[in-house]
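Accompanying notes for the structure given below.
Just so it is clear, the values below take in all heavy atoms, side chains as well, and ignore hydrogens, waters and symmetry mates. In the text below, chain A, chain B and the rest are named by the order of the sequence lines, each starting its count at 1. What you see is a predicted model; the values in this text were computed from it and never measured.
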Amino acid sequence: MSKIRVLAGTRKGAFILTSDASRKQWTIDGPHFGGWEIYHMAASPVNPERLYASQTSDWFGQIIQRSDDGGKTWQQPGTPPGAATTNEFGMPVGESNKFTYDTSEQTGKPLTTHQWYDGTPHPWEFKRVWHLEPSLSDADTVYAGVEDAALFVSHDGGANWKEIAGLRGHDTGINWTPGAGGMCLHTIMLDRNDPNRLFVAISAAGAFRSDDHGKTWKTITRGLVSNYIPDPTAEIGHCVHRLAMHPARPNVLFMQKHWDVMRSDDSGDNWHEVSGNLPSDFGFPIAVHAHEPETVYVIPIKSDSEHYPPEGKLRVYRSRGGGDEWEALTNGLPQENCYVNVLRDAMAVDTLDDCGIYFGTTGGQIYCSPDGGDHWHAIALNLPAVLSVEVQTLD
Amino acid sequence: MIKVLIPYHLQTLAGTGPELELNVPPPYTARAVVQALEARYPTLRGAVVEHASGRRRPKVRFFACREDISHQCMDSPLPDDVVAGREPFIIIGAISGG
């Protein structure tokens, strides 16, 4: 019988929730790495027991953790096969937290500054890993989206990281600016049909696509309109909050932007707005149903300064037609006095026949709908603020 | 042996208590203490000083004999009482909360 594993990163540690396919009874394991911010956890689609976690702290920097047993035990990767996993004092020897920007001449355009909030040049400074995206074909390969915005890759299970420098080398890189949350590369999408194709999104630079496995990149922002920047249709400067695609139809992309929900039918070359009847088209996450590529989910938030649901009602909105027409899903969700936020990496779906939808809130709740959004129940109520949610469907 | 006090997050990362004793080779400097700390507890590499630059992380400070030595050169000699193990070398993370 299938099993569901939910990987929740929070402000104060990681939690792993498990249930059978009924998704009624849940076991919560954690906190792992108590007291540390866990920006994201992700599982390899090749080896579901291989998990990666981004453990981070404003004080003490970035740590990458890895589990090879589905989250029961963790280590900092970096020990060669066959080598001792501890030093002479019995301490772990892993050293996986070294993210250094590529400034070599080989990259062609080593960048040293981007634009700061006030428009002045600012040095590129690594702060943290926002998102981990394991390879679709190799359990030891994993991509990392970091702040200040850059894309890194590890081919040895997270032990060593190398920047894919062509992204920052894009002609516009020197003019990228941070959003209020920092200049983060928060979305990485891999194309199952084309291993050379990568999509990334950066706040507040925009969205980018590579068709040569990261060597060169193009902006994919045509059709975006952002009235909060001097040129609303500029090539860069759009605050893209999240991208989503259905794996079987990677040319159709959905975007939750700072304002506006957008859709592209040509791999990002052109976008059009599909916000339709949403009560607010501001929000952070966006997700696609596992089996219905035209069924899309968003969670509207009142505004960019009021990060809570409109009218204090926590509502997921579902479109069964790929946007424009949206229905509110409220059964089981609080419909009064609810003022939590749902962050960009905090919504995910399972792949059971009756697709489950999951999201976590800054109030520490994780909600699950085992029937595509029709009914919801809380599977965790009192966690620290939830930063990310990923879901594994295990056989 | 030099006594080193580390904050909670570094304790959880290294799997230790707050007080460590490190065998630090001369010259006795903040840099030598951090290098000995990283050698003894490799999981702390990059957590006290930055990987790329070797600079003290911005929200980390060093104290010795109740004085803030964070802004001294990391190659400056440590006080005799720290070198002799009578006073600890203290690594502190900026206090915050609310």
message = Report, in residue-number order, which members of residues 30-43 of chain A are under 4.5 Å from chain B by heavy-atom distance.
response = A/G34, A/G35, A/W36
inquiry  = Checking A/T141 now: which residues fulfil side-chain hydrogen bond (donor to acceptor under 3.5 Å, both in side chains) with it, not counting sequence neighbours?
reply    = A/D138, A/H155
key: Nearest-0.5 Å distance that lies between atom NZ in A/K98 and atom CZ in B/R45   = 7.5 Å
key: Gap between atom CD of A/Q75 and atom OG1 of B/T43 - 0.5 Å precision   = 12.0 Å
key: Residues, nucleotides or ligands: over 12 heavy atoms within 6.0 Å of A/Y117 OH   = yes
query = Under 6.0 Å from the CZ atom of B/R86, do we count more than 12 heavy atoms belonging to anything else shown?
reply = yes
message = Taking ring pair (Phe, Tyr, Trp, His ring centres under 6.0 Å) as the definition, give me every residue that meets it alongside A/Y339, ordered by chain and number, with sequence neighbours left out.
response = A/Y308
message = Looking at A/I174, I'd like to know if its CD1 atom is crowded, meaning that more than 12 non-hydrogen atoms belonging to other residues, nucleotides or ligands lie closer than 6.0 Å.
response = no
message = Looking at B/D80, I'd like to know if its CG atom is crowded, meaning that more than 12 non-hydrogen atoms belonging to other residues, nucleotides or ligands lie closer than 6.0 Å.
response = no
task = Using heavy atoms and a sub-4.5 Å threshold, report which of residues 57-66 of chain B line up against chain A, by residue number.
result = B/R57, B/K59, B/V60
remark   = Rounded to the nearest 0.5 angstrom, the CD-CD distance for A/E125 and B/E50 is 7.5 Å
message = Which heavy atom of B/P7 sits nearest to which heavy atom of A/F60, and what is that distance?
response = CG-CZ, 3.5 Å
